[in-house]
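Contents: one structure, followed by commentary.
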Amino acid sequence: MTHMTFSEQVYVLCRKIPRGRVTTYKILAEKLGIKGYQAIGQALRCNPYASDVPCHRVIASNGSIGGFKGKREGKEIDEKVRLLKGESVLVIQGEVDLHQYLYSFS
DNA sequence: GTTGTGACGGGTC
DNA sequence: CGACCCGCCACAA
């Protein structure tokens, strides 16, 4: 765990997100001690570990779904929502209730 | 809710 | 190496 690249650190954190919960890009950035919030998304964009890293559990800090696979709208987003619903995370009008599902690595 | 600006790491040139 | 552009964002106006 000493010399991991930025992206790898992102993956490690994402994997810690419990099923049925979500976190935000901001929180991940804070945990990594950086302020390049977009960098988080950039790292997930590649997401070589789709099977291990549930990047769909990472949403924007305002509760909106954010993006998925490089897309900010379209079928990709629809799939992200579907994955969340599959984990009992309700998505109302493209937004998640953070007060209910947010996981901040307590 | 929308729009603009800020911030910063990664990748590319 | 150094400078440049881009991005699944955040925040203020």
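Here is the naming used below: chain letters follow the sequence lines, and residue numbers restart at 1 for every chain.
Rounded to whole Å, the distance from CD on A/E73 to P on B/dT2 is 12 Å. Atom pair A/F6:CZ and C/dC9:P shows a separation of 13 Å (rounding to whole Å applied).
Applying the 3.5 Å distance criterion, the base of B/dG9 shares a donor-acceptor pair with the side chain of A/Q42.
Residues A/L102 and A/I27 have side chains in contact (heavy-atom distance under 4.5 Å, counting atoms from C-beta outward).
By the side chain to side chain contact (heavy atoms under 4.5 Å, CB included) test, A/A39 pairs with A/F6, sequence neighbours left out. Remark: A/E8 engages no residue in a salt bridge (Lys or Arg N to Asp or Glu O under 4.0 Å) (not counting sequence neighbours). Partners of A/E87 under the salt bridge (Lys or Arg N to Asp or Glu O under 4.0 Å) rule, at least two apart in sequence or in another chain, are A/R57. Partners of A/Q9 under the side chain to side chain contact (heavy atoms under 4.5 Å, CB included) rule, at least two apart in sequence or in another chain, are A/M4, A/L32. Evaluation of the side-chain hydrogen bond (donor to acceptor under 3.5 Å, both in side chains) rule for A/N62 yields A/S64 as partners, not counting sequence neighbours. Residues satisfying the ring pair (Phe, Tyr, Trp, His ring centres under 6.0 Å) test with A/F105, not counting sequence neighbours, are A/Y103.
You'll find that the side chain of A/E95 is closest to B/dG1, out of C/dC11, B/dG10, B/dG1. Taking only side-chain atoms of A/Q38, from C-beta outward, the nucleotide of C/dA10, B/dA7, B/dG9 with the closest atom is B/dA7.
Among residue pairs with one or both ends in residues 20-41 of chain A, none qualify as salt bridge (charged side-chain N to carboxylate O under 4.0 Å, His left out); sequence neighbours excluded. Within the structure, side chain to side chain donor-acceptor pair (under 3.5 Å) pairs that include any residue of residues 68-78 of chain A comprise A/K69-A/E79 (at least two apart or interchain).
The hydrophobic clustering, which links ILVMFWY residues whose side-chain heavy atoms are closer than 4.5 Å, places A/V96 and A/Y37 apart.
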Polar pairs (N or O, both sides) under 3.5 Å between protein and nucleotides 1-5 of chain C?
none

Sort me out a list of protein N/O and nucleotides 11-13 of chain B N/O pairs below 3.5 Å, or just none if empty.
none

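A heavy atom closer than 4.0 Å to some atom of DNA chain B occurs in A/K35, A/G36, these being the qualifying members of residues 26-36 of chain A.
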